[in-house]
Amino acid sequence: MYFSKLFIPTLKESPADAEVTSHKLMVRAGMIRQLASGIYSILPLGLRVLRNVEKIIREEIDQIGGQEVFLPSIQPAELWVESKRWDFYGKELLRIKDRNNREFCYGPTHEEVITDIIRKEVKSYRQLPILLYQIQTKFRDEVRPRFGIMRGREFMMKDAYSFHADEKDTQHTYHQMAQAYTNIFNRCGLKFKQVQADAGAIGGSFSHEFTVLADSGEDEIGFCEICGYASNLELAESKPPFPNITPSIQQDLKEVETPGKKSVKEVAEFLNFPERQIVKTILFENENGLVAGLVRGDHEINPVKMKNLIGCEWLHPAEQEILAKYPELHSGYVGPIDLKLPVYADHEISVLHNFVIGANKPSTHFTGVQVERDFKIEKLGDIRTVRADDPCPRCEKGTYHVKRGIEVGHIFILGTKYSSAMKAVFLDQQGKENSMIMGCYGIGVGRTAAAAIEQNHDERGIVWPRNLAPFQVIIIPVNYSNEELKNVCDSIYNRLKEMGIETLLDDRSDRLGVKLKDADLIGIPLQIIIGPKNLATRQVEIKTRKTNESNLHSYPEIIEDIPNILKGL
RNA sequence: CGGGACGUAGCGCAGCCUGGUUAGCGCACUUGACUGGGGGUCAAGGGGUCGGAGGUUCAAAUCCUCUCGUCCCGACCA
């Protein structure tokens with residue numbers, strides 16, 4: 001490809017509305033342009049990168065028996081009503097009406113469509129398992145789209161769905177898929193972790209996320225470097241406490257005044273207790289009303305883990321307006337003693353003695369509190385968010401490391417959530433009707449490309465991992481209008497093309513500096529710089545974008561060696 | 001949805017508070033000349049519903065109201 005023929009509008013300055021590096025660089029490198037909030041046009045250079053991601057995905061998913069399909073983006077409401085998600089999905093579902101006033105949505109995901117196909121066509125265990133996938137744009141009307149293509153409303157996604165006759169077979173595919181994902185992200189040149197994850201709104205029993213490590217990421221993950229345990233922080237298990245020996249002196253419950261001291265920090269300072277000796281009571285609301293959660297003062301409560309412990313449909317922090325309806329609750333002084341709400345406590349509480357807790361009375365706390373003696377716990381469990389350096393829950397010696405990351409892939413075992421709601425059933429060997437067991441497996445294609453930039457860039461621009469790079473090599477003549485340079489460039493270009501190497505030739509009449517800046521910005525792994533002085537001694541300069549180091553090599557011999565150099569990158 | 005900010009040429013911004021010539025600057029763009037190993041120089045140019053609507057005023061980019069859009073923080077989220 002000749003640079004002058006390529007539509008690649010590069011920018012010197014970053015757009016004002018871009019925040020993260022990948023967004024800035026993708027716009028500056030002429031890969032994307034915004035059309036509306038969270039909606040982007042993909043320009044030729046950007047598309048080449050996305051196609052590379054897609055190609056890797058296709059190869060790996062095909063490898064484990066996936067078959068590609070292309071599904072409608074506009075989906076009828078009835079399907080979503082059937083799966084009960086028409087209401088549940090909320091405002092993120094972009095709803096539209098056709099000329100006959102029939103309701104549709106722009107698909108945010110395709111469980112319903114794929115389940116509909118399978119239930120109509122598959123009747124027997126003999127036809128299972130089936131693994132189908134699609135790579136298409138989807139639309140989720142995000143509350144707050146941000147970070148360019150990383151979290152757009154319209155986005156390119158690979159979604160795979162599998163249907164099985166039994167649980168064991170589902171797990172088999174799940175594990176194959178996990179391996180395929182590992183291969184995919186390795187081939188994309190990413191540093192990532194497979195972490196245990198919450199299934200969230202999509203439902204299901206078992207799931208993992210693939211998270212690319214990056215400080216700009218929105219997710220936090222906790223992992224142990226000794227045993228390899230890794231989990232999204234919203235799910236990461238905390239190690240149960242060692243049972244504490246009851247202290248010889250068990251203090252009596254005592255009411256103390258704590259005028260105006262509401263936060264753990266204030267109370268701890270005022271009473272001269274360590275924060276870990278204070279217990280916080282946090283109120284949540286779920287489908288059954290208010291519930292209370294207890295964690296140690298120096299810990300943070302984790303709503304996802306709490307929801308899982310309770311086993312409720314949903315759980316939100318209680319709103320101030322709701323609290324106003326309960327005159328017995330005093331913000332900052334809520335406690336479990338004589339509280340007429342179900343109380344869920346973190347397991348660390350079980351080994352605490354003589355602690356401090358709100359007294360349900362303004363400006364008052366209790367000291368000398370003991371679990372069981374002073375209040376009852378509905379259920380004890382792991383409901384706090386783990387921190388760096390907390391002990392690993394799976395091994396003896398390890399401790400947690402906490403890092404930020406970008407979720408680029410997510411795999412789920414769905415069970416029969418959709419198949420039973422939508423009656424996707426089959427007859428087993430005994431002629432008995434069963435719901436199919438499903439798995440679903442997503443990868444954000446654009447997000448993967450953006451994550452690659454977050455992880456691979458420098459102050460000059462993008463440094464593409466070789467397999468994602470829009471071109472492998474860029475030829476930069478100091479002056480293309482010089483007949484001799486032009487001939488050399490053209491012949492190198494043609495030879496590389498013959499060798500099947502995607503090559504860009506910067507034939508523009510701009511000065512060298514401009515061409516070098518652009519080459520650095522768009523991040524092509526290898527630059528071949530051709531100038532008259534070096535050429536006079538039969539040499540060309542080869543620069544590796546990753547290291548920004550360049551060396552002279554004798555020409556034309558070096559050209560035959562380019563494939564090897566690329567392999568080593 | 002709550003809080004905050006911004007909208008002036010393709011991009012980045014100044015001007016607005018304190019209303020008053022023809023609305024500026026840098027980059028980009030066009031033409032020409034010189035130049036040619038890290039965004040070069042000089043000269044001459046083109047490009048604006050000042051987001052939109054309404055209002056105040058002799059006069060509005062500037063003040064007021066409404067509205068649309070975009071971004072940030074939070075809540076939310078495969």
Side-chain angles (χ1 to χ4, degrees), chain A residues 9-20 23-24 27-28 30 33-39 85 88-93 107-111 138-148 150-153 155 157-161 197-204 207-211 218-219 232 234 303-304 314-321 406-412 414 440-445 447 460-461 476-482 485 506 508-521 527 529-536 539-541 543 548 550 552:
Chain A
T10 60
L11 258 34
K12 276 191 197 177
E13 289 176 286
S14 295
D17 51 12
E19 187 74 4
V20 297
H23 186 192
K24 288 179 187 164
V27 174
R28 283 192 54 206
R33 284 295 183 267
Q34 181 171 28
L35 181 65
S37 178
I39 301 178
R85 289 209 292 183
F88 194 74
Y89 217 97
K91 287 190 177 171
E92 254 187 58
L93 190 62
T109 174
H110 285 72
E111 281 84 6
K138 312 207 176 197
F139 192 95
R140 291 181 194 167
D141 201 354
E142 291 264 1
V143 187
R144 190 146 97 78
R146 57 185 127 176
F147 304 154
M150 185 112 87
R151 192 193 175 103
R153 292 193 293 173
F155 55 98
M157 182 165 167
K158 187 282 303 183
D159 236 350
Y161 303 94
D198 188 56
I202 205 145
S207 100
H208 285 90
E209 284 170 2
F210 288 76
T211 301
E218 294 184 277
D219 277 6
N232 190 309
E234 64 182 20
V304 172
W314 54 270
L315 187 77
H316 299 306
E319 306 275 344
Q320 285 298 326
E321 306 87 73
I406 300 158
E407 177 194 354
V408 289
H410 202 154
I411 57 179
F412 306 79
L414 293 174
C440 87
Y441 321 90
I443 291 179
V445 176
R447 188 181 278 190
R460 300 180 185 194
I476 306 169
V478 167
N479 182 353
Y480 192 66
S481 58
N482 173 313
L485 294 191
D506 198 341
R508 295 177 299 172
S509 58
D510 293 81
R511 298 172 72 89
L512 180 68
V514 174
K515 291 185 274 198
L516 292 175
K517 289 284 184 198
D518 273 345
D520 286 346
L521 176 63
Q527 302 176 5
I529 301 157
I530 294 154
K533 287 179 209 145
N534 290 328
L535 206 56
Q539 287 185 305
V540 294
E541 180 182 337
K543 177 175 140 185
N548 289 319
S550 58
L552 293 175

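A, B, ... follow the sequence lines: proteins, then strands. Residue 1 opens every chain. Predicted model only: the values in this text are computed from it and were never measured.
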request  = For B/C17, give its Watson-Crick or G-U wobble partner with both distances under 3.5 Å, or none.
outcome  = none

message = Closest approach to the side chain of A/Pro317, judged atom by atom: which nucleotide of B/A78, B/C76, B/G39 is it?
response = B/C76

query = Within this structure, what is the CG-to-C1' distance between A/Asp219 and B/C77, rounded to whole angstrom?
reply = 10 Å

ask   = Within this structure, what is the CD1-to-P distance between A/Ile529 and B/G38, rounded to whole angstrom?
value = 11 Å

inquiry  = Any base atoms under 4.0 Å from A/Pro9, or only sugar-phosphate, or nothing? Heavy atoms, all strands.
reply    = nothing

request  = Using the salt bridge (Lys or Arg N to Asp or Glu O under 4.0 Å) rule, take A/Glu218 and A/Arg146 through it: C-alpha gap first, then chi angles, then the decisive distance, then the call.
outcome  = CA-CA 11 Å; A/Glu218 294 184 277; A/Arg146 57 185 127 176; 3.4 Å; yes

key: Spacing between A/His410 atom NE2 and B/C77 atom P, to the nearest angstrom   = 14 Å

message = Does the structure show a Watson-Crick or G-U wobble partner for B/U56, both distances under 3.5 Å? Name it, or say none.
response = none

message = Taking pairing as Watson-Crick or G-U wobble with both contacts under 3.5 Å, can you name the mate of B/G47, or confirm there isn't one?
response = none

message = Test of understanding: with ring pair (Phe, Tyr, Trp, His ring centres under 6.0 Å), list the residues that count as partners of A/Tyr161, not counting sequence neighbours.
response = none

ask   = Between B/A53 and B/C42, how far is it from one C1' atom to the other, in whole Å?
value = 47 Å

inquiry  = How many whole angstroms separate atom CZ of A/Phe139 from atom P of B/A78?
reply    = 17 Å

query = Is there a Watson-Crick or G-U wobble partner for B/C71 with both distances under 3.5 Å, and which nucleotide is it?
reply = B/G4

inquiry  = Counting the atoms with a prime plus P, OP1 and OP2 as sugar-phosphate, which does A/Asp159 contact under 4.0 Å by heavy atoms, base, sugar-phosphate, or nothing?
reply    = nothing

task = Among the candidates B/A75, B/G39, B/A78, find the nucleotide nearest to the side-chain atoms of A/Lys517.
result = B/G39

ask   = Any donor-acceptor pair under 3.5 Å between the side chain of A/Arg140 and the base of B/C77?
value = no

message = Which nucleotide wins on minimum distance to the side chain of A/Val143, given the candidates B/A78, B/C1, B/G38?
response = B/C1

Any N/O pairs under 3.5 Å between the protein and nucleotides 32-36 of chain B? List them or say none.
unit_1: B/U35; atom_1: O2; unit_2: A/Arg511; atom_2: NH1; d: 2.7
unit_1: B/G36; atom_1: N2; unit_2: A/Ser509; atom_2: O; d: 2.9

query = Is the A/Phe210 to A/His208 ring centre distance short of 6.0 Å?
reply = no

key: Gap in Å between the two C1' atoms, one belonging to B/U8 and one to B/A44, rounded   = 26 Å

query = Hey, is the side chain of A/Lys12 poking within less than 4.0 Å of OP1 or OP2 on B/C11, counting only N and O atoms?
reply = no

query = Among side-chain atoms of A/Asp219 and A/Thr211, is any donor-acceptor pair under 3.5 angstrom?
reply = no

request  = Nearest-nucleotide wise, let me know which of A/Glu407 and A/Lys543 is further upstream toward the 5' end of RNA chain B.
outcome  = A/Lys543

query = Is there a Watson-Crick or G-U wobble partner for B/G38 with both distances under 3.5 Å, and which nucleotide is it?
reply = none

ask   = Can you tell me if A/Asp520 and A/Gln527 form a side-chain donor-acceptor pair at under 3.5 Å?
value = yes

request  = Nearest 0.5 Å please: distance from the CG atom of A/Asn482 over to the CD1 atom of A/Ile530.
outcome  = 11.0 Å

ask   = Between B/C27 atom P and A/Arg28 atom CZ, what is the distance in whole Å?
value = 16 Å

task = Look through every strand shown and name the nucleotide pairing with B/G26 as Watson-Crick or G-U wobble, where both distances are under 3.5 Å.
result = B/C11

Would you tabulate the pairs of protein nitrogen or oxygen atoms and nucleotide nitrogen or oxygen atoms of nucleotides 67-73 of chain B closer than 3.5 angstrom?
unit_1: B/U70; atom_1: OP1; unit_2: A/Ser37; atom_2: N; d: 2.7
unit_1: B/C71; atom_1: OP1; unit_2: A/Gln34; atom_2: NE2; d: 3.0
unit_1: B/C71; atom_1: OP2; unit_2: A/Ser37; atom_2: OG; d: 2.8
unit_1: B/C72; atom_1: OP2; unit_2: A/Arg144; atom_2: NH1; d: 3.3
unit_1: B/C73; atom_1: OP2; unit_2: A/Arg144; atom_2: NH1; d: 3.1
unit_1: B/C73; atom_1: OP2; unit_2: A/Arg144; atom_2: NH2; d: 2.3

Contacts of A/His110 that satisfy ring pair (Phe, Tyr, Trp, His ring centres under 6.0 Å) - sequence neighbours left out = none

query = Say you pick atom C1' in B/U30 and the same atom in B/C73; how far apart are they, in whole Å?
reply = 44 Å

key: A/Leu93 CG - B/C77 P separation (whole Å)   = 15 Å

task = Tell which nucleotide pairs with B/A78, taking only Watson-Crick or G-U wobble pairs whose two distances are both under 3.5 angstrom.
result = none

request  = Identify whether any heavy atom of A/Arg460 sits under 4.0 Å from a base atom; if not, whether one sits that close to sugar-phosphate; answer base, sugar-phosphate or nothing.
outcome  = base

query = Starting at the 5' end of RNA chain B, which residue's closest nucleotide do you reach first, A/His316 or A/Pro15?
reply = A/Pro15

inquiry  = From the set B/C76, B/G39, B/C11, return the single nucleotide nearest to any side-chain atom of A/Glu13.
reply    = B/C11

Rounded distance (Å) that lies between atom P of B/A78 and atom NZ of A/Lys91 = 17 Å

ask   = Sequence neighbours excluded, which residues qualify as side-chain hydrogen bond (donor to acceptor under 3.5 Å, both in side chains) partners of A/Ser37?
value = none

key: Check ion pair A/Arg153-A/Asp141 (N to O, under 4.0 angstrom)   = yes

key: Set of side-chain hydrogen bond (donor to acceptor under 3.5 Å, both in side chains) partners for A/Ser509, sequence neighbours left out   = none

query = Can you check whether A/Pro477's main-chain N or O pairs, donor with acceptor, with A/Lys515's side chain at less than 3.5 Å?
reply = yes

task = To the nearest Å, give me how far apart CG (A/Leu11) and C1' (B/G10) are.
result = 9 Å

ask   = Backbone N or O of A/Ala36 within a donor-acceptor pair of the A/Gln34 side chain at under 3.5 Å?
value = yes

message = Using a heavy-atom cut-off of 4.0 Å across all strands, would you classify A/Asn482 as base, sugar-phosphate, or nothing?
response = nothing

